Peer 1: 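First the structure, then my questions, so here it is.
Any value given below was found using the heavy atoms of this structure, including those in side chains, with hydrogens, waters and symmetry copies removed. Residue numbering restarts at 1 for every chain, and letters A, B, ... go by the order of the sequence lines. Every value quoted in this text rests on a predicted model; they were computed, and no experiment measured them.
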2 protein chains.
Amino acid sequence: MVKEKANQDTETQILNAAKDVFQKKGMDGARMQEIANEAGINKAMLHYYYRSKQLLFEAVFNNAFSLLAPELNKILNDDSAVEDKVRNFTSNYITFISKHPYLPNFIIQELNRNPKFFEKIQQNAAFPTLDKFKAQVALEVEKGILKPIDGEQLFINIISLNIFPFIATPLIKGLLKVDDKGFKQLMEKRKIAVSEFIINSIKK
Amino acid sequence: MVKEKANQDTETQILNAAKDVFQKKGMDGARMQEIANEAGINKAMLHYYYRSKQLLFEAVFNNAFSLLAPELNKILNDDSAVEDKVRNFTSNYITFISKHPYLPNFIIQELNRNPKFFEKIQQNAAFPTLDKFKAQVALEVEKGILKPIDGEQLFINIISLNIFPFIATPLIKGLLKVDDKGFKQLMEKRKIAVSEFIINSIKK
DNA sequence: TTGCGGTTTAACCATTTGGTTAGCAAAGAT
DNA sequence: ATCTTTGCTAACCAAATGGTTAAACCGCAA
């Protein structure tokens with residue numbers, strides 16, 4: 001059927017438009033009409049393919065989380081040493097997020113709005129768990145590679161240092177009085193600065 | 001006049017109710033009717049005292065920012081040594097934010113929604129600047145008290161480590177599989193863990 | 001007691017918004 | 001050639017929402 005192609009086309013076109021609008025404006029701020037406009041189609045099509053705003057939103061959200069999860073897994077379920085993980089994750093994550101600037105804020109914001117979402121995405125394949133990372137940190141502490149530190153706290157520190165600046169971009173720009181270009185330069189420096197900062201702190 | 005008291009009463013009652021609703025649901029998600037209900041008054045009163053949703057929102061936002069700004073100033077414009085600042089700020093901030101859990105997310109979210117807000121609040125008295133802190137860090141680095149580090153990056157690191165967990169609470173709860181009580185315990189530990197982590201990294 | 005000012009309310013209004021519907025167009029099946 | 005299914009649109013609908021208004025209320029001064 002030729003329709004199947006057209007079908008697929010408009011369906012993904014809707015999803016892409018929805019991604020844009022939802023990630024910029026959030027569930028509450030997004031308007032179905034705006035998504036339709038951005039997709040260049042009739043508003044009724046949104047309901048034809050996704051039934052409701054809620055379901056369209058969930059499609060976008062799952063999509064976004066599926067993009068973020070593998071990034072987290074890099075630091076959680078990879079086999080390299082903690083030090084290497086930190087270096088790789090920091091550099092990779094900042095590169096990754098520069099391509100998807102709205103992503104972390106979107107996920108965190110909507111998770112705050114409706115914490116129950118977590119139950120849904122936990123069923124998602126490749127959902128990150130902390131078990132391996134915790135064991136690994138404990139082992140390296142025991143071996144004397146790392147100073148004593150709790151794996152959970154270390155994990156929180158790593159993602160805080162990497163994610164926060166991209167969530168609080170306007171705040172940081174304002175406090176540091178830098179423009180878009182200056183901010184990007186700061187983030188570029190952080191690819192190394194953050195991992196140095198972390199490793200300085202934990203390596204014996 | 002007795003009215004002035006009643007006047008003040010309802011006006012602040014409105015502001016308090018608005019604070020609650022706006023901070024939980026954001027500008028887009030908040031409903032004037034819900035604010036009125038929470039304040040126990042007629043919806044028309046909101047407009048009588050604050051003219052529009054936008055103006056009521058701005059009153060709440062300025063109020064919230066005025067609460068956060070002094071916290072930031074503690075680390076920026078205080079006279080103690082960097083190490084002491086880090087210890088005090090970390091401990092104080094986590095205590096402070098536990099009392100205002102919605103605050104940082106609210107500010108950051110709304111700043112993302114409308115970055116122009118910054119221009120307005122910059123006119124606010126006691127708006128934090130980074131100049132003194134940067135100079136101080138440079139000086140302590142020169143003196144050999146601290147390892148070489150950029151003041152701006154250090155500042156970003158400090159606020160990232162302290163603020164992020166409270167913005168991404170549902171994400172962290174989900175990934176670490178802890179409940180409300182477990183999360184609070186983690187944050188309690190962070191009062192010391194975070195400052196140790198930072199100082200470990202920067203002190204020579 | 002009456003009149004005046006600020007305060008408060010119920011009812012109302014215009015617009016927005018998510019969602020529906022009836023029908024059209026086009027392509028495959030019979 | 002006709003029927004059926006599928007993609008698609010214009011027009012429509014009911015509910016929600018920010019905001020307004022006219023009138024009532026109430027303490028006070030004259």
Peer 1: Under 4.0 Å: is that the gap between some side-chain N or O of B:Tyr48 and OP1 or OP2 of D:dG19?
Peer 2: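 B:Tyr48 to D:dG19 OP1/OP2: no side-chain N or O under 4.0 Å.
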Peer 1: Distance check needed: C:dG6 P versus B:Glu11 CD, whole Å only.
Peer 2: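 Taking atom P of C:dG6 as the reference, CD of B:Glu11 is at 15 Å.
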Peer 1: What is the distance, to the nearest angstrom, from the CZ atom on A:Phe57 to the P atom on C:dG19?
Peer 2: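 The answer, rounded to whole Å, is 13 Å.
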Peer 1: Return the minimal non-hydrogen interatomic distance between A:Lys53 and A:Met27, and the atom names on each side.
Peer 2: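 What the structure gives for the nearest pair is NZ-O, 3.0 Å.
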Peer 1: So, OP1 or OP2 of D:dG18: does either fall under 4.0 Å of a side-chain N or O from B:Arg31?
Peer 2: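 Yes, because at least one side-chain N or O of B:Arg31 sits under 4.0 Å from OP1 or OP2 of D:dG18.
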Peer 1: Whole angstroms only, please: what is the CZ-C1' distance between A:Arg51 and C:dT20?
Peer 2: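 Those two atoms, CZ and C1', are 11 Å apart.
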Peer 1: At 4.0 Å (heavy atoms only), tell me whether B:Ala30 reaches a base, stays on the sugar-phosphate, or touches nothing.
Peer 2: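 Touches sugar-phosphate only.
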Peer 1: What's the NZ-P distance between B:Lys53 and D:dA16, to the nearest Å?
Peer 2: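 After rounding, the reported distance stands at 16 Å.
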Peer 1: Can you tell me if A:Thr10 touches the phosphate of D:dC8, counting only side-chain N or O atoms and a distance under 4.0 Å to OP1 or OP2?
Peer 2: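 The answer is yes; a side-chain N or O of A:Thr10 sits under 4.0 Å from OP1 or OP2.
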Peer 1: Looking at A:Glu152 and B:Lys189, does any basic side-chain N land under 4.0 Å from a carboxylate oxygen?
Peer 2: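 Looking at B:Lys189 together with A:Glu152, the answer is no, because their closest N to O distance does not fall below 4.0 Å.
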Peer 1: Give a yes or no on whether a donor-acceptor pair under 3.5 Å exists between the nucleobase atoms of D:dG19, that is its base, and the side chain of B:Lys43.
Peer 2: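 Flag set: donor-acceptor pair detected.
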Peer 1: Verify the distance criterion only: is there a donor paired with an acceptor across the side chains of A:Thr90 and A:Lys191 at less than 3.5 Å?
Peer 2: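 Per modelled atom types, A:Thr90 and A:Lys191 side chains form no pair under 3.5 Å.
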Peer 1: Without decimals, in angstroms, what is the distance between A:Met27 CE and C:dG18 C1'?
Peer 2: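 It is 10 Å, rounded to the nearest whole Å.
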Peer 1: Just call it for B:Met32: base, sugar-phosphate, or nothing, with non-hydrogen atoms closer than 4.0 Å on any strand.
Peer 2: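 Counting heavy atoms under 4.0 Å across all strands, the contact made by B:Met32 is with sugar-phosphate only.
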Peer 1: Of A:Ala44 and A:Asp28, whose nearest nucleotide on DNA chain C comes first from the 5' end?
Peer 2: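 Upstream on the strand: A:Asp28.
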Peer 1: Could you state the CD1-P distance from A:Ile14 to C:dG19, rounded to the nearest angstrom?
Peer 2: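 Going from CD1 in A:Ile14 over to P in C:dG19 covers 14 Å.
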Peer 1: What's the CG-C1' distance between B:Asn42 and D:dA23, to the nearest Å?
Peer 2: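 From B:Asn42 CG to D:dA23 C1': 13 Å.
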Peer 1: Compare the minimum distances between each of D:dT9, C:dG19, C:dT7 and the side chain of A:Ser52, then state the nucleotide with the smallest one.
Peer 2: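 Selected nucleotide (nearest to the side chain): C:dG19.
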Peer 1: In whole angstrom, what separates A:Met45's CE from C:dG19's P?
Peer 2: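 The answer, rounded to whole Å, is 15 Å.
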Peer 1: Validate the cation-pi geometry between A:Arg113 and A:Phe57: distance from NZ or CZ to the six-membered ring centre under 6.0 Å, angle to the ring axis within 45°.
Peer 2: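 Flagged: A:Arg113 positioned over aromatic ring of A:Phe57.
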Peer 1: Both conditions, 6.0 Å and 45 degrees, for the charged tip of A:Arg31 above the ring of A:Phe22: are they met here?
Peer 2: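 No cation-pi geometry.
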